[in-house]
Amino acid sequence: MSLVIPTHQSTPALLKHVLLSEILSVTSTMRKNLRWASSTPVMFVRDSPALGTNMGLRISSPAHQTRRSGRGSREAELMAGFIELKRGVKDMKDVREADLSDLLAPFFSILRSPLSTGPITSAALSALHSFFVCGLIAPESRALESALIELSSTISHCKFEASDSSGDEVVLLKIMTVIQDCLCGTVGRGLGDIEVCEMLETVLTTCCQMRLSETLRRSAETTMHTLVRTVFSKLYTLDPDEEEAKLLAVQDDLANEGELRMSVTTKEETFVEEEPPSNEVNDVIDSPENPEIVEEEQPPQSPISLIDRPEYGLPSILELLRVLVNVLDPNDQQHTDSTRLTALGILNAAFEESGPTVAQFPSLKAIVIDPGCKFLFQLARSENNLVLHLALRTISTILDTMRKHLKLQQELFLTFTIDRLAPPNLPLSGKGATPVLNPSKSRGFSPLPRPGTPSANSPSLMAVDKTDTEGPTPPARLLVPPARGETRDLILETLGHISGHPSFMVDLYVNYDCDINCENLFERLIDFLTKAVYPAQGMGNFEVQRNVQYICLELLLSFVNDMAARANDGASLPRWPSDQHTESLLQAKSKKQLILAGALRFNAKPKSGLAFLEENKLIYSDLSPEISKARSLAIFLKASTRIDKRLLGDFLSKPDNLELLKEYISLFDFKDKPVAEAMRELLEAFRLPGESQQISRIAETFASTYFAAGPAEIKTEDATHILAYSIIMLNTDQHNPQIRKRMTIEDYKRNLRGVNGGSDFSAEFLQNIYDSIRKREIIMPEEHTGQLGFEYAWKELLARSRQTGDYLICNTDAFDVEMFKAVWRPVISAIAYAFITFEDDYIIQRAIAGFRQCATLAGHFRLPDVFDFVVVSLSQATSLLSDTLPSQVPNYPIINIEGQSITVSRLSVEFGTNFRGQLAAVVLFNIVNGNGNALREGWTQIFEMFQNLFLHSLLPTRMLQMEDFLGGVTMIPLRDSQPLKSHVRSDGGLLSALSSYLMTPYSSDMGVPDATEADVENTLSTIDCITSCRLDELYSQIIQLELEALVAAIRALEALAHERTVAKLQIHAEDMISIDDQPTQLPYDPASVFLLEIMVSITSQAPLYIEELWPIVFEHLRALLSSPAQYSILLIERAVVCLLRLCQLLVQHTSLRDQVYVAFDLLTGLPPTISNLVGEQVVSGLILVIQKHKDIIRSQTEWNLIFALIRSTLAHAEAARMSFELIEALAAEGPDNSVSLDNFLGLLTVLDDFASSASTLQEQQNKGRRAEPLSSSKLAPSIVLSSITLISLHTSSPTIARGKKAVDLLPVLHKKLLTWVQSSLIEEPSAWKNMALPLLAVLGRQSVNAAREIRHNAISHLQRILLGSPMTNDANQMQVEEVFNRVVFPLVDELLKPQVAAKDPQGMIESRLRGSALLCKVFMHLELRESRAKTDFRLLWIQVLDLLDRLMNVSRGDQLYEAVPESLKNVLLVMNAVGILVPPGPNQEDLQKTLWSNTHERMERFLPGFLVNVIPMPPPDTLSNTN
């Protein structure tokens, strides 16, 4: 029934009318009963004759006048009360002038009288309700306080004769209505604590009376909730300090009276009053506290004076809370689950109303902490789902409102919750998990026991078993059974409610994970949630599990969302408490991890554990004169709750650790403690070992320490030792279930007779020890099972609660980095699993948001590993990754839609039907877009997807292109052999022709399958998705990445490219058997070209980081170019182009200048067959580098590499053309001449090669043969044929012309050399030996060139230089001999060879004529001077004669036969004229004589008499005189 509060002030007339009407209503109902059926007014005996006396009458009291019976008198008095009230108010103008207690007295009498029936009582209660409604009972009423006291007492002790059950329950409903009117209305503030308790007890008892109808009890519960909310709301207006002080005073006042007490009785009792004279039985419903009938003549007495009577407050609230908590005790068999359900609902309502304020009152908080939480946690294991549900709800409400004060209680509940929810096949223990307890035998090894917190597995948290307190304790269950079905859902939903606020996970981490003595609850919870997202065996059907998965996933996503929100709103977050330093908490977390690791090692192997602890300064770091190593270790072992107590007892009691044992026991404070309590404290710290010697050591050490504390009555240390042993034995005797005959106190005294220094202990002393052990077992660690174990553990929890401090609550981001680092991997994995497997659109949407938030956090915290993991997880969900990508791309149909060519591939069709994959792709690339700097290893998946999309023609056009130096931008071909395209470069070389043979990715008409409409539609869906992914934007962003991310991207590309080239080649070579020692060659793989192009394109567009990127890219390029014949020619061509593109960047960095020449050297080493095919690209790139950066070439070695690269490509006609243009520009006369000391010889060699190439070509043309094909046998026949044709068409005349120009450039070099010598840039001897002589040798070699023009020009240039160069004019004899021996003589000798003459049979005669003339002229110019008259050149002269002999006789009858004697004649005449060659005479010197003799002798062989004819002999007399 709802409470009606008057909203207006009733008039006096109305109030009087209501009062009289209600009187009439009650009396009318009374007259319907036989007791009041008479119409005659009831007359009753008066005790006072006042009325007659006042009239002057004498009223006598005859002895025979008899009184009515007692019952009749009471009946008359009940009716008379109403009559008197009517008379009293008849003349009143305002009934409020009367005392309220007088107005209500007749109604109260009816309610208190056992003579009243249900209808009468109901009418009286309705009247009271009307008085509340109309305002008759109002705060301004006279004598309100006394009326309320009487009302409370009356309502609480209401009596009436039982009739039908429905009618009786109506009365009870009205009783509760009146109570609600009183307590919740405007006058409720005037009630005192006793009245409130009486009313609450009445309603609460009604709620718990199981014999009442369900409707009545539910109505009573509703009323009780309203009352409790009203009462507890009073806490908001109370001052805690004042109320606590008043509470102590009230308790003192009521200590003897005991009136402020409430109780709940659930027994189905019927209060019956029997009258012996009558057979009528009257069932009376009464308060369970007072089943006896209260005589009407005993009016209720107010226990507290009305003067300064306080309003109700903390005492009544405290009493109500005490009663409700006590009802929850699962070990109290008086209360049933139904009663507990009622109490749980009421308690939950109370905390919902004023939970936060409860903690402000120490007395209330104490009840909640203990035993409130204790009972609630036990009920949370109830097998009754209703009890479980309400218990969990109440727990969640209490934790939400009082979490700050329930740190360890929440730890226990969450640990228990996680253990119950964990599937049986999953390990229950995380880091620092609560161990499983074994009650029946010594416990197995547990790495991290924690006796300080009640184990969630304790049987006390399970369903209560009555046998726990009767007889021997049965073996408890070893594990907490996993919750299933509805129970699992309830627990999980509760966990969701508890963790609903944004700071929950932060609070867990700060309060537990950063607390050395607490579990890592944050990590455990996340571990459970992530594992629960996956399906588990034996945990129900699909639907049941899916609900659990959804809930756990939602909790995980909320955790991520809250952290992301904190990252975005860092400035607006609450400030972390100034007294709490984040650094200290994080240090505690780190220290905790070390302690856990050390404890784990110690529990496995103590020696190893101690070494670890010492290494990490967890022990022995506090050494001082006062603290020894043993004491330092003892302090750690005593303080650490992670050490296995069984192992600890065994370790301490070893003989080698006696000093440690002494220090350990000395840490206990035994001052003024009874020996039994001291032993209890010691044996609860570790488990007593089983060997007697170990026990003896512990007992002896304890005796020494305890006796030193000066205990009373113990005379010697030996007596202490014996007493300690006796306590251990007594504990076993009294509590071991296997011992049937227990030791009595007499037996105990007898055993200790005479051990106290020869005398006995006092009987009282031993009695206290005996009683202490008998009543409270000494529970050793790891034997905490059953009720005793739980009680002990709960006691330890309370002790820890007093030391651990409050629960810190702050939604700070100070710990988010460490939290995220600890759990990001399983969290992202769970989100990815949910995204892939769950079908619910909301979950998918939340998972997408989770991915984005994780990526945002990864970028915010600069955790590239996290970002990588997100990318990897999403990429796996896209289905765009393929385990095996084909090297050969199939022919897919191409459809033209709205002018756009669309390739309908297998991937485009399948991906178009994969909606989840499309979502994943869009989310993935939207995440990566703009966050590339956070990505590292994830680039591999990104580029793998690019690669797959490329092979299926799904990438944007920009990403399908490749750049070179010839044709600009072209498409990367998908296949290696296609029909010739109509568009061919007009200036093309071999590469352009080769490229024209290859198709672009979008054209194929060979064996193309048909595409259905569905395939086209799916492909369009795929294209739309790819467009939404904005791949081109991502590609543009890559070049703007920071260095670390950019290096990671390039490394990923290099790894993928390596896998498709070098690694594949190795596998292919192992699988294939080589034939004819030919190397294995991989077929064309478009993906390898794509990856290479992407890698180099990114690198070339990031010049700032070329120094870091170059080594990665070059490693791959070198791997390709080191084995060029084993890869497709297009891949090698692209590798060459890419290498030279990068060289253009390298030259811009001084530190990388040498790398340019490393690249050139790599290109120089290409096999001739490969160089011929890629020469055009090589030279084009080289020219770009040199033209833009002329100053890069600074040494002779560098020039030599340049020239070596040029020479390696001369076989390629177009490359040769471009190379010569470069050389011509370098060597041509003019201001742009770039000939230097460093490049002189290189230029000379290259010019020689150009001229030699022309000679070779001319020789082939003269013989009528084609050039030998410069192609590899591995190349396609069509390519080889094309190369031959191109060479024959484009190389004839241009090659010879270049050769002629090359020879013509040699004199330019000579002039340059002369300027250096004249300007003293080089010493003349060095210039002659290293430059001039090689130049002359080149001219000499080209003087026998097969090309006539080149040959003749070379001879002419040679002759001009030899006859006119200052260097030859001033040459010494040795230099002259070098000219002849290295230039002239080899030239003439070559001209005389038949094979040389065969190169140009028609023109070689003229060349020989020029050669002979050159021979003679040079000889005359260099040797036949007056300055050289004394020079001995006989050997040189004889060689000249030999060559002239051969020239004249090489072909008799030609011009040479006639020209040689003429030339020889001129030489002889000059020699004679300068006095070198003179006939014999008186003045002939020895040298002249020898020369003449040798000349005459040699010439006589081919020109007999010629010498004498030219130089006549002197007269005979002259000769004789000479002799």
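Residues take their numbers from the sequence shown, with the count starting at 1.
- Within the 3.5 Å criterion, the main-chain N or O of Tyr1157 finds no donor-acceptor partner in the side chain of Asp1161.
- Listed for the Asn1472 side chain is no donor-acceptor partner under 3.5 Å among the backbone atoms of Ile1511.
- Across all their heavy atoms, Cys1143 and Val1185 have their closest contact at CB-CG2, 4.2 Å.
- For Arg1217 and Glu1214, the salt-bridge test passes: some basic side-chain N is under 4.0 Å from an acidic carboxylate O.
- Between the side chain of Ser1326 and the backbone N or O of Glu1323, no donor-acceptor pair lies under 3.5 Å.
- Within the 4.5 Å cutoff, the side chain of Leu1306 has no heavy atoms near those of the His1357 side chain.
- His1352 and Ser1407 form a side-chain donor-acceptor contact under 3.5 Å, judged by distance and modelled atom types alone.
- Under the 4.5 Å side-chain criterion, counting only non-hydrogen atoms from C-beta, Lys1329 is not in contact with Leu1333.
- Looking only at side-chain heavy atoms (C-beta outward), His1212 and Ser1171 stay at 4.5 Å or farther from each other.
- For the pair Leu1358 and Val1383, the minimum side-chain heavy-atom distance is below 4.5 Å.
- Ring pair Trp1492/His1496 is parallel by interplanar angle, where below 30° counts as parallel and above 60° as perpendicular.
- Listed for the Ser1412 side chain is a donor-acceptor partner under 3.5 Å among the backbone atoms of Leu1409.
- The backbone N or O of Leu1244 sits nowhere less than 3.5 Å from a side-chain atom of Asp1248 that would complete a donor-acceptor pair.
- Formation of a donor-acceptor pair under 3.5 Å by the Asp1445 side chain with backbone atoms of Leu1441 is not found in this model.
- Using the six-membered ring where Trp is involved, Phe1250 and Phe1220 have ring planes that are perpendicular, over 60° apart on the 30 and 60° scheme.
- Between Leu1257 and Gln1260 the shortest side-chain heavy-atom distance falls below 4.5 Å.
- Using a distance-only test at 3.5 Å, with no hydrogens or angles considered, a donor-acceptor pair links the side chain of Asn1372 to the main chain of Gln1375.
- In this structure, the side chain of Asp1389 does not engage the main chain of Phe1385 through any donor-acceptor pair within 3.5 Å.
- A donor-acceptor contact closer than 3.5 angstrom is absent between the side chains of Ser1252 and Asp1249.
- In this structure, Asp1442 does not pair ionically with Arg1446, as no charged nitrogen and carboxylate oxygen lie closer than 4.0 Å.
- Note on Glu1390 versus Arg1341: no salt bridge recorded, every NZ/NE/NH1/NH2 to OD/OE distance being 4.0 Å or above.
- A distance-only check finds a donor-acceptor pair linking the side chain of Asn1509 to the backbone of Gly1505 [under 3.5 Å].
- Around the CD atom of Gln1402, the shell of radius 6.0 Å holds no more than 12 heavy atoms that belong to other residues, nucleotides or ligands.
- Each of Ile1350, Asn1345, Thr1295 was evaluated against Ser1255; a single residue qualifies, Asn1345, per the side-chain contact (heavy atoms from CB on, under 4.5 Å) test.
- For Phe1419 and Trp1437, the distance between ring centers is under 6.0 angstrom.
- Comment: Glu1406 engages Arg1410 in a salt bridge, judged by a side-chain N to carboxylate O separation of less than 4.0 angstrom.
- In this structure, the side chains of Leu1391 and Met1404 come closer than 4.5 Å at one or more pairs of heavy atoms.
- With hydrogens and angles ignored, the 3.5 Å screen pairs no side-chain donor or acceptor of Asp1238 with any backbone N or O of Trp1199.
- At a threshold of 4.5 Å between non-hydrogen side-chain atoms, the residues Pro1334 and Leu1241 count as touching.
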